[in-house]
Amino acid sequence: MHYDVIVVGGSYSGMAAALQLVRGRRSVLVIDAGERRNRFASHSHGFLGQDGEPPGDIAATARRQLEAYPTLTWLEGRVEAVAGQVDEFTVTTAGGDSHLGRRLLLATGVTDQLPDVDGLPERWGRAVFHCPYCHGYELGQGRIGIVGANPMSIHQAELLTDWGDVTLLVNGALELSQEIRSTLERRSVVIEEAPIDKIEGHADVRMVDGRQLRFAGLFTATRTSPSSPLVEAMGCALEETPMGIQVRTDAESKTSVTGVFACGDVARAPHSVSLAVGNGAMTGAQIHRSLLWPETVAPVQAEGRAR
Ligand code: FAD
Ligand code: MG
């Protein structure tokens, strides 16, 4: 089978793209390793019509609806290698099977690099979060701790004052100028300089000086980078954002490699299910367009300003 499109990554953005393509009666192979970024969270918020639903349920409903289309093929597994060029891409899975496709969509998501704090990783998505719009409301305007990680932590501390009383736990990770201190103080952010020993209980922060600071929840600014080494193996140009590294794409979701598209968290920021789905739907239509009018498939420039 020579598929019109092979989608690597069958989560929100990849499925949203696939849906447009199968509705355009194109043949689509989705290959998914099943490691959605939000798999650590019990509930997903802020996605219209699905607010508060378990993230796995949202994905499962989408997959069931997608699999009803006869031109959709779904494979559970991990793509390990990609070769070839536009109209003749070959992807090879961990199981050793190869598949041929005319276009390739990378919807492989990003991985969060968490700050190195004892007790933080096991609370990720349950009591420690990164996105105020996703998990801020549920903290009921209680006390919020920001675990310092990088300059984005300062922005996070300012932003979260609309969700509760904020303490910025510097933890040796931030340089705070007098100007920044004044800005934070104007917003009533408490600045805590003592290093963190560990996180215990629900979201209780034990400082090295022995004090325990109790919070309704904690936030931290993670650095994100593409989950899959495929984007680099393909030679797709990357770019920096305030959140981390992503694949460079243009407004049509084309990467710097002809015939390779990217969407969702791996290609744009900020990150949410709504934005991944919206970007995925647009990308599906753009890939369809590139199949109908192959002359439009020229890649985005690898150098220069991103759009
Ligand atoms: P992902 O959902 O990350 O999916 C990428 C998929 O690609 C995965 O299934 C992965 O296994 C697969 N994949 C990767 N490499 C390969 C490969 N080589 N072969 C095959 N498959 C591969 N957003 C909200 O809107 N509301 C929330 O409440 C919310 N809560 C969150 C909580 C936490 C803890 C985190 C970390 C994020 C949260 N988000 C939330 C953000 C949300 O998870 C992302 O924006 C969204 O998942 C992005 O969708 P995506 O399709 O781009 O990527
Ligand atoms: Mg882009």
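When a ligand or atom number is given, it counts from 1 through the structure's own listing order.
Within ligand 1, the atoms closer than 4.0 Å to a non-hydrogen atom of Ser13 are 50 (P), 51 (O), 52 (O), numbered from 1 in the order shown. Of all atoms in ligand 1, listed by their number and element, those nearer than 4.0 Å to a heavy atom of Ile31 are 20 (C), 21 (N). Distances below 4.0 Å separate heavy atoms of Gly77 from the following atoms of ligand 1: 20 (C). Distances below 4.0 Å separate heavy atoms of Asp112 from the following atoms of ligand 1: 36 (C). Taking every non-hydrogen atom of Ser11 and a distance limit under 4.0 Å, the qualifying atoms of ligand 1 come out as 1 (P), 2 (O), 4 (O), 5 (C), 6 (C), 51 (O). Annotation for ligand 1: atoms under 4.0 Å from non-hydrogen atoms of Val8 are 17 (C), 19 (N), 20 (C). The ligand atoms of ligand 1 that sit less than 4.0 angstrom from a heavy atom of Ser272 are 23 (N), 25 (O), 45 (O). Every atom of ligand 1 is numbered from 1 in the order shown, and the set under 4.0 Å from a heavy atom of Gly125 is 34 (C).
By the criterion of a heavy-atom distance under 4.0 Å, neither the backbone nor the side chain of Tyr133 is placed next to ligand 1. Residue Ala276 touches ligand 1 through its side chain alone, judged by heavy-atom distances below 4.0 Å. Residue-level proximity to ligand 1 for Cys131 is absent, since no heavy atom of it falls below 4.0 angstrom.
Taking the six-membered ring for Trp and thresholds of 30 and 60 degrees, His130 and Trp124 have ring planes inclined between 30 and 60 degrees apart.
Using modelled atom types, no side-chain atom of Thr283 and backbone atom of Ala17 make a donor-acceptor pair closer than 3.5 Å. In this structure a side-chain-to-backbone donor-acceptor pair under 3.5 Å is present from Lys254 to Thr296.
Around atom 37 (C) of ligand 1, the closest heavy atom drawn from Gln50, His43, Met15, His130 belongs to His130.
In this structure, the side chains of Leu139 and Phe219 come closer than 4.5 Å at one or more pairs of heavy atoms. Using a 4.5 Å heavy-atom threshold, the side chains of Pro115 and Leu120 count as touching.
Among the atoms of Leu230, none of the N or O lies under 3.5 angstrom from an N or O of ligand 1. Between Ser227 and ligand 1, no pair of N/O atoms sits closer than 3.5 Å.
If you check which protein heavy atom lies closest to atom 31 (C) of ligand 1, you get His135 NE2, 3.5 Å. Annotation: atom 21 (N) of ligand 1 to nearest protein heavy atom, Ala33 N, 3.1 Å. Ranking the protein heavy atoms by distance from atom 12 (C) of ligand 1 puts Asp32 OD1, 3.4 Å first. The nearest protein atom to atom 25 (O) of ligand 1, hydrogens excluded, is given as Val273 N, 2.8 Å; this is a heavy-atom distance. Taking atom 29 (C) of ligand 1 as the reference point, the nearest protein heavy-atom neighbour is Cys134 SG, 3.5 Å. Ranking protein heavy atoms by distance to atom 19 (N) of ligand 1, first place goes to Val79 N, 2.9 Å. Looking at atom 7 (O) of ligand 1, its nearest protein heavy atom turns out to be Gly9 CA, 3.2 Å. Nearest to atom 33 (C) of ligand 1 among the protein's heavy atoms is Asn38 CA, 4.1 Å.
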Can you give each donor-acceptor pair under 3.5 Å made by side-chain atoms of residues 202-211, sequence neighbours left out, with the distance rounded to 0.1 Å?
from: His202; atom 1: NE2; to: Ala216; atom 2: O; distance (Å): 3.2
from: Asp204; atom 1: OD1; to: Arg214; atom 2: NE; distance (Å): 3.3
from: Arg206; atom 1: NE; to: Glu200; atom 2: OE2; distance (Å): 3.0
from: Arg206; atom 1: NH1; to: Gly210; atom 2: O; distance (Å): 2.8
from: Arg206; atom 1: NH2; to: Glu200; atom 2: OE2; distance (Å): 3.0
from: Asp209; atom 1: OD1; to: Arg211; atom 2: N; distance (Å): 3.1
from: Asp209; atom 1: OD1; to: Arg211; atom 2: NE; distance (Å): 3.3
from: Asp209; atom 1: OD2; to: Arg211; atom 2: NE; distance (Å): 3.1
from: Asp209; atom 1: OD2; to: Arg211; atom 2: NH2; distance (Å): 2.9
from: Arg211; atom 1: NH1; to: Glu192; atom 2: OE1; distance (Å): 3.2
from: Arg211; atom 1: NH2; to: Glu192; atom 2: OE2; distance (Å): 2.8

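Comment: Arg223 does not engage Asp112 in a salt bridge, judged by the lack of any side-chain N to carboxylate O separation of less than 4.0 angstrom. Salt bridge absent: Glu122 and Lys198 never bring a charged side-chain N and a carboxylate O closer than 4.0 Å. A salt bridge links Arg63 to Glu67: at least one charged side-chain nitrogen sits closer than 4.0 Å to a carboxylate oxygen. A salt bridge is absent between Glu158 and Arg186; no separation between the charged side-chain nitrogens and carboxylate oxygens falls under 4.0 Å.
Residue contacts with ligand 1 include Tyr12, since one of its heavy atoms falls under 4.0 Å from the ligand. Under the 4.0 angstrom criterion for non-hydrogen atoms, Gly46 is not in contact with ligand 1.
Note on residues 77-115: no pairs pass ring-ring contact (aromatic ring centres under 6.0 Å, His included), not counting sequence neighbours.
Ser98 and Thr92 share a side-chain donor-acceptor pair at under 3.5 Å.
Each of Val28 and Val277 belongs to its own hydrophobic cluster when Ile, Leu, Val, Met, Phe, Trp and Tyr are linked at side-chain heavy-atom distances under 4.5 angstrom.
Of all the heavy atoms in Phe40 and Arg126, the pair that sits closest is O-CG, 3.9 Å.
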